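See below for the structure under consideration.
Just so it is clear, the model here is predicted, and its values are computed rather than measured.
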Amino acid sequence: MNRDNGGKPAIRVRRHSRWARWEKAASKAFDEWWQAWILERLLRQYPLPPSRDGRHIPLAVGGHRSVPLTDERTGNKPYISNFIRSSRYSLWSFLPKQLYFQFSKLGNFYFLVVGILQLVPGLSTTGKYTTIVPLMVFVAISMAKEGYDDYRRYQLDKTENRSQVWVMEAARRTRTPTHRYQLSIPRKGKHRESSGREMAMTKLQDTTSIHQPELWTKIQWQHLSVGDIIRLERDDNIPADIILLSATGPNGIAYIETVALDGETNLKSKQACSLLAKQCDTLGHLRACDAVVVSEDPNIDLYNYEGRSTVGDETIPLTMNDVVYRGSTLRNTTSAVGLVVNTGEECKIRMNAHKNVHTKAPAMQTIVNRIVLILIFFVLLLSLGLTIGYEIWEENDQPWVWYLNNTTISTGVIVIGFIIMFNTLIPLSLYVSLEIIKVGQFILLQDVEMYDAETDTPMVANTTTILENLGQVSYVFSDKTGTLTENKMRFRKLSVAGTAWHHAMEAKKDPKESQQDDGKGKQISRSPAMKSDIENLDRAEKREPDTEKLLSYIHQNPNTTFSKKAKHFLLCIALCHTCLPEIKENGGIEFQAASPDELALVQAARDLGYFLFDRPTRSIVLRVQTSQGHTVDETYQVLDVIEFSSKRKRMSIGVRMPDGKICVICKGADSAILPRLKNSQLALQKASEVGRRASMKKSMEAKRVLIRRSTHASTPRQSMTAPRAPSATFSRRHSGLYMEAMRKSHDISMRSGSGVPDEVRAWLRRHHSERYDTLGEDEAPRMSVESTVISPISMDGPEISSSALESISANEGNIFERCFQHIDDFASEGLRILLYGYRYIEEAEYSSWKNVYHDATTSLVDRQERIEAAGEMIEQEFELAGATAIEDKLQAGVPDTIDKLRRANIKVWMLTGDKRETAINIAHSARICKPFSEVYILDATVDEDLQERMTAIYVDVGRGTIAHSVVVVDGHTLGLIEKDEPLKLLFFELVIRIDAVICCRASPSQKAMLVKSIRDTDPSSLTLAIGDGANDVPMIQASHVGIGISGREGLQAARISDYSIAQFRFLQRLLFVHGRWNYMRTGKYILGTFWKEIIFYLTQAQYQRSNGYTGTSLHENWSLTVFNALFTSLTVIIPGIFDKDLRASTLLAVPELYTYGQRNQGFNFKKYLAWVFMACIETVIIYMVVWAIYDDILFTSDNSLFAMGQLVFTICVVFINIKMLVLETHDRTWVSLFGFLVMVGLYFMWNLFISGSNWISPTPSPYPVNGAFVHNFGAQLLWWVTCLLGLAAVTVFELCVTALRRIYFPTDQDLWQEMEQTGTVGDANHPSDTNADSANEAI
């Protein structure tokens, strides 16, 4: 069986590889043809060849800068400007692109053809311009709306392009108003450092302000050019890709935040190369510098850079350490100077952007186009059939009709006449009314429940085109930093000497941590799932003693073994970092850290009595509280710092203690620290034992989930009869979705003010306990901490068991086992773990190592490798100090939202540029990964054969024995997969079967590639991408629906997205409520529009039998003209804007209902054909009732064609309004009543109007309009009785069909509507004794 299963993906790959090679060859041939003949020969657009050895940029300050540098790739034309454009259209491309887009809608193209035919003299019986003019108006309205949406994007682009930056001598080459540089007032916060160091840090600024104040000029970003020298100040955004020349940080270091580029929250230290740093430290040196920078040609690789700088005869390479990309931000550095090397669309971040963005179209448009195509064929067949009828009539009956004088008409004219007559079966107003509906849906989308009071950010819709797509999403591709997380780290727990402690001091200081407010004084309500998880977490934390008790014990017993180990561990936390304290205006101290993790650690050390008070040159001053309650300042000399890198996964610091001893402290991932412990063999053994227990526990949980799934899948369909109010609908059929909702729908997430109805709340409470009988796959609370953390302290009593503490801390093996168990428990909560180790080293040994390390740091060749090798020499034989657990704080409601997305059959992928370990931790915390998930890691550096590895995973998942599968892949591996077509096919065949995917170290272009590939691999599914940074823009543009997070990390993603929200949790309401409503409304509008045209215009076809198939209309022409606009416009528009099939509270409580849109249950061919079938029967009923009476009516009554036609017209208009505004509208409000009264009222007012108008029918015609409604048929009882009889017949038929369908073929929608309306759910909370058993059986 394994061979068979394992062979399936291999066979699939072999089967597709030949097709893939052919497709690739064909695509390549087409691309070559397009490039050669269209782009090059026709448009004269030639590809840029690579430069000889990069772009040569002189570092020169002088008058020659007025002449722009040239790009040898473009024939020595100037480098492109720094102007960027993310709008979809330009002034010249808007009209042709929009005309193509509008007439790609088959309905518009059809009417264009019909309109052209009408212009031909003699073909149309309805006038020449009745189609083409309205069509042009409707198309113009749609184009204007698209143009306005894109204009808003242009305005946001203009804001960025017109941002300003300091440039040296820019005034000589720009005409824009400039602002001369003046010495800015220094920030009041300053580092506590020696005056000598401060002088060094501000040397560039001082020199500039005193000697050459005229050199700096402010210009707009869009006017920057390659070769410009720019000056940046703290917290400035980088306007272009630059080479760092100088910075005022320590040792010339500039701290750069790249979260918008790669999603990493850690600040990156950039340092100018030594050759340039010496020449650019002052303006005097900068002006005298004669250097040339050679930079690589622009490319999309964010993680590599190649260049060199030459000063005189000396050349030095430039690496990633020297370059800063656009989209980054300068942090913790007073100022920096850089040389622009790439501008505008050639910047790395822009080259990673999704190019040639296509206008997004709703998924329904494809079905509508197919229906329109079917209707076109139907019109042609109907016209052909009626023409054949005319030919037969002409041959058999026309000779007996004397008044026609044997007049003959050609067959072609008859066919075209019928085509024009029935062209309105495809409603001309379909797309325009749809735009009106979407404007109304857009207005209702401004939901206060999606308003974020903290950032004062409402939900914003940048387009109305794809509102219904929000109700059909199957994949969510999410960024991590700023989207799922708040980019705020909080120190949560620590493990020291075998005991775990919970740190709650920070939460107590910040009440926002424990309570969130909606901005109106109301606390944000949490769903039962959120509350349950919080309660479980609180119980787990209560079993862990608070760190305040740890401090109390240390103060009371300062000299015990445990206290010494605990104090040393806290000292390690306070020393092993690179943070700088800064005095603020109010006298307080704020820490400047390279990463949020380090900031959280230093703040925790401060709370625990080790306060980083000052950090002068190469030393750290800690303010420590003694056991007697006094505070003393202790100075620790910093000898060396071996910085963290993703390869090393650790950092170390050498410190000379106050007593003169040298201590090396190391912190890092447990995998990096464990092998370097003094007793590493014992440590690895204990870690292995803990890992085995964790694996067994995970297997048991997974098995339990699989058992629940199999049990649920094998449960026979049962009655869904409610306890007290049995419903025929419920008793006939059971819905699988309903049963699934029974198990999970207590998980209701809503803001206060839109709570769950009382009956739903009671029903959900009735089944709340079932959730915890066995742990569910989607809602199992994390109880691992509560069940495994061992603490010697009882929270019920104030006394601490000193003997227990000392006993644990005296046994090294016990410490290892308990510490590793704590680490496993912390990791299961998604906390970020750091392990600390330390060792004391002799002076001679350290001096010897120092020489090696110095040679490594000053090496010009393989510097990083030599530094890592030197670090390996000293990072050995560590004593275990302890472990810390830091929470990367998620946005409120993220885990709950992801749980509900999964319940709604939406797969959640996390695409981030951050490290793998960080991504996996956040995935656990956000519940993308579950405690029992099987995590498969694809790593090209480890897996020798990726195809074999993926095939094995495919087999495992295909067996159905994996409870929850997660694939983790990094950007490097993804790049290799992308280049190998068979491997790529296998990869995407695999991931669409995986429950969740985590992609780390992914570039923006790779994110977009993943989204596009899923669209191609699973074309029936809709994708949604959500992010907050510039690096998320490509995937947002590549997806069906793009969501930007605003109010956190800027507006780069929000301005380019289709919709923007402030919090990830708002996805629940956006998708489950508004998305479903808009999908349902739009589907009902389209169905109703097609239905009403068929039911009305097929009466014309039936009448042709009575007039010899001559094309005579049953209805008067002017009434036909205004049928859609005056009598049935609001009929379909009002349900399309206002109808709600289910309450918002129900949709939020039961996410499974979201599959309504995923399965196209609101609008599909089957449903369309059902509506068409009903329309055909109903139009026959209407016509036959009228014809049966009017065929035998006496001549004493008005039996004219106009009277009969108006009778059919009246029945159709009234019934269309009854069906759409009464029978098909679930949420009947005053708006529905108003629409009904207006439409029907306008119809009868129209009849009164034409009855009194002489110009309607001035000449003899078959339609005696004048006075007919008032004095003739309108005054006859028979006409009104026939009208009521026809209405009654067709309405009863509609009601009978609906009742039978709801009884024998109920949908989930029908069941939940009945539950809402009858209150059946509320009775389940207190079932009577007589029906309690049946209630339990039903559940």
Side-chain angles (χ1 to χ4, degrees), residues 444 447 449 471 527-528 719-751 753-768 900 903-904 1068-1069 1071-1081 1083-1084 1135 1138-1157 1161-1162 1221-1232 1295 1298-1299 1301-1303 1305-1327 1335 1338-1339:
L444 295 181
D447 190 343
E449 297 294 335
S527 71
S719 171
M720 294 178 61
T721 307
R724 287 197 181 183
S727 165
T729 302
F730 290 167
S731 62
R732 297 289 182 180
R733 183 171 291 266
H734 153 264
S735 168
L737 174 106
Y738 180 87
M739 291 296 291
E740 181 70 9
M742 298 296 105
R743 183 170 61 88
K744 297 180 180 177
S745 53
H746 77 282
D747 190 11
I748 307 167
S749 175
M750 295 187 57
R751 304 276 297 260
S754 60
V756 185
D758 292 338
E759 63 271 16
V760 178
R761 191 190 311 278
W763 176 77
L764 296 176
R765 191 183 302 114
R766 168 70 175 82
H767 307 289
H768 177 74
K900 288 193 172 183
R903 289 176 54 190
Q1068 290 190 51
R1069 196 166 187 88
L1071 298 184
F1072 300 159
V1073 178
H1074 294 285
R1076 180 194 161 94
W1077 282 347
N1078 290 338
Y1079 168 76
M1080 178 273 301
R1081 292 162 176 166
K1084 185 173 291 186
F1138 297 102
D1139 194 20
K1140 301 175 183 178
D1141 60 337
L1142 292 169
R1143 299 172 188 166
S1145 55
T1146 303
L1147 296 175
L1148 289 170
V1150 190
E1152 291 82 359
L1153 290 167
Y1154 185 75
T1155 57
Y1156 178 78
Q1161 293 177 338
L1221 292 175
V1222 179
L1223 302 182
E1224 289 293 332
T1225 298
H1226 178 69
D1227 187 32
R1228 303 181 191 93
T1229 63
W1230 67 269
V1231 178
S1232 305
L1295 289 173
T1298 301
R1301 183 194 62 77
R1302 291 179 71 100
I1303 292 174
F1305 305 98
T1307 64
D1308 300 311
Q1309 185 183 33
D1310 298 329
L1311 299 175
W1312 285 95
Q1313 284 177 351
E1314 186 167 347
M1315 290 172 67
E1316 286 184 344
Q1317 292 181 350
T1318 63
T1320 305
V1321 177
D1323 295 332
N1325 189 40
H1326 302 289
I1339 299 306

What is the minimum heavy-atom distance between [X] and [Y], and which atoms define it?
{"X": "Lys1084", "Y": "Pro1135", "answer": "CD-CB, 4.4 Å"}
{"X": "Val1073", "Y": "Leu1147", "answer": "CA-CD1, 4.0 Å"}
{"X": "Lys900", "Y": "Pro1151", "answer": "O-CB, 3.5 Å"}
{"X": "Tyr1154", "Y": "Gly471", "answer": "OH-C, 3.3 Å"}

Given side chains that start at C-beta, do those of Met1080 and His1226 come closer than 4.5 Å, heavy atoms only?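 No, too far: nothing below the 4.5 Å cut-off.
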So do the side chains of Leu444 and Trp1077 get within less than 4.5 Å of each other, counting heavy atoms only?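 Side-chain contact under 4.5 Å: no.
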With rounding to the nearest 0.5 angstrom, report the [atom1] to [atom2] distance, [X] to [Y].
{"X": "Trp1312", "Y": "Thr1146", "atom1": "CH2", "atom2": "OG1", "result": "7.0 Å"}
{"X": "Leu1311", "Y": "Arg1302", "atom1": "CG", "atom2": "CZ", "result": "8.5 Å"}
{"X": "Phe1072", "Y": "Leu1148", "atom1": "CZ", "atom2": "CG", "result": "8.0 Å"}
{"X": "Lys1140", "Y": "Arg1228", "atom1": "NZ", "atom2": "CZ", "result": "15.0 Å"}
{"X": "Gln1068", "Y": "His1074", "atom1": "CD", "atom2": "NE2", "result": "12.5 Å"}

All salt bridge (charged side-chain N to carboxylate O under 4.0 Å, His left out) counterparts of Arg1076, not counting sequence neighbours: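 Salt bridge (charged side-chain N to carboxylate O under 4.0 Å, His left out) list for Arg1076, sorted by chain: Asp1141.
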What residues, two or more places apart in sequence or in another chain, satisfy salt bridge (charged side-chain N to carboxylate O under 4.0 Å, His left out) together with Arg1301? Asp1310
Side chain of Tyr1079, backbone of Gly1162: donor and acceptor closer than 3.5 Å? yes
Between Asp1227 (side chain) and Asp1139 (backbone), is there a donor-acceptor pair under 3.5 Å? no
Thr1307-Gln1161 side chain donor-acceptor pair, cut-off 3.5 Å: no
